[in-house]
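By convention in this document, chain letters (A, B, ...) are assigned in the order of the sequence lines, proteins followed by strands, and residues within each chain are numbered from 1.
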Amino acid sequence: TQLLEQSPQFLSIQEGENLTVYCNSSSVFSSLQWYRQEPGEGPVLLVTVVTGGEVKKLKRLTFQFGDARKDSSLHITAAQPGDTGLYLCAGAARASGTYKYIFGTGTRLKVLA
Amino acid sequence: KAGVTQTPRYLIKTRGQQVTLSCSPISGHRSVSWYQQTPGQGLQFLFEYFSETQRNKGNFPGRFSGRQFSNSRSEMNVSTLELGDSALYLCASSWGDPTYEQYFGPGTRLTVT
């Protein structure tokens, strides 16, 4: 069974601090996505990474895909209260013309003003 | 461009009943995926439809079914509801491959009593 473990599960930090969220698996993924979900809403796609070692930046957010495409990290610089939410990674593994798509266990982030 | 819409937003049903949820994708998107989100299991993939055909399926019992119409709108049906089916049901649409880019609706909160 493929699993995507995220750590930490919960994170409460002060505004202005930096943080890193990890997404780990023993399986290889063809692509990996990061989402942020706020209460009462569906997840919003932040980024998709497809190449091992790939680094993508989205303003204060930096995403990295592991060289072996089994893990990923999300780093937020100078966190703001607006960053509060549930962060989810999701990986796709392709084989025989189809794919398996699984979500990580989630990291709930709270940024205090 | 209008986002993904889901109806109804909230639903209360009794054990043993059946329920149908509706999803209207973003205009032009041909793929619709359905997910179940619960506090215990997180976000799990149910199935994906593309051009009226089920293209992929997760590990859910046959009580969960879906269909897609020629205008890409999709419905999900759950028969013989169980208490454990209480969850947030999310649909997401994409132009082609949901593992690269997809947009979620706000979800339907189903409560089974």
Novice: Does one hydrophobic cluster hold both A:V50 and A:F63, with members joined at side-chain heavy-atom distances below 4.5 Å?
Specialist: no
Novice: Is it the case that more than 12 heavy atoms not belonging to A:R60 sit under 6.0 Å from its CZ atom?
Specialist: yes
Novice: Which bit of B:L43 comes within less than 4.5 Å of chain A, counting heavy atoms only: side chain, backbone, both or neither?
Specialist: both
Novice: With a cut-off of 6.0 Å (strictly less than), are more than 12 heavy atoms of other residues, nucleotides or ligands near CZ of A:R94?
Specialist: yes
Novice: Under a single-linkage definition using a 4.5 Å side-chain heavy-atom cutoff for Ile, Leu, Val, Met, Phe, Trp and Tyr, are A:F65 and A:L4 assigned to the same hydrophobic cluster?
Specialist: yes
Novice: Where does B:R9 contact chain A at under 4.5 Å (heavy atoms): side chain, backbone, both or neither?
Specialist: side chain
Novice: A:A90, A:A92, A:P43, A:G91: which one forms the most heavy-atom pairs within less than 4.5 Å of chain B?
Specialist: A:P43
Novice: Mark yes or no for whether A:S31, through its side chain, and B:Y100, through its backbone, hold a donor-acceptor pair below 3.5 Å.
Specialist: no
Novice: With a 4.5 angstrom heavy-atom cut-off, could you sort out which part of A:E41 is near chain B: side chain, backbone, both or neither?
Specialist: backbone
Novice: Which atoms of A:L86 come close to chain B, meaning under 4.5 Å heavy atom to heavy atom: side chain ones, backbone ones, both, or neither?
Specialist: side chain
Novice: Should B:L11 and B:L81 be counted in the same cluster of Ile, Leu, Val, Met, Phe, Trp and Tyr side chains packed under 4.5 Å apart?
Specialist: yes
Novice: May I ask you to decide if the ring planes of B:F104 and A:F103 are parallel, tilted or perpendicular, using 30° and 60° as cut-offs?
Specialist: perpendicular
Novice: Are A:L32 and A:Y22 connected in the hydrophobic side-chain network, where two residues link if heavy atoms are under 4.5 Å apart?
Specialist: no
Novice: Can you see which heavy atom on A:T48 is nearest to which on B:T99, and at what distance?
Specialist: CG2-O, 4.1 Å
Novice: Is it the side chain or the backbone of A:V47 that comes within 4.5 Å of chain B heavy atoms, both, or neither?
Specialist: neither
Novice: For A:Y101, run the side-chain hydrogen bond (donor to acceptor under 3.5 Å, both in side chains) check against B:Q102, B:Q44, B:E48 and tell me which one passes.
Specialist: B:Q102
Novice: Roughly how far apart are A:L45 CG and B:Y103 OH, rounded to 0.5 Å?
Specialist: 7.0 Å
Novice: Same hydrophobic cluster for A:V21 and A:L61, using side-chain heavy-atom links shorter than 4.5 Å among ILVMFWY?
Specialist: yes
Novice: I'd like to know which of B:N59, B:D97, B:V4 tops the heavy-atom pair count under 4.5 Å against chain A.
Specialist: B:D97
Novice: When you look at CG of A:L58, are more than 12 heavy atoms from neighbouring residues, nucleotides or ligands closer to it than 6.0 Å?
Specialist: yes
Novice: Check A:Q33 against B:E101 and note the closest heavy-atom contact, atom names and distance.
Specialist: NE2-N, 3.3 Å
Novice: Does atom NZ (B:K57) have a neighbourhood of more than 12 heavy atoms from anything else shown, all under 6.0 Å?
Specialist: yes
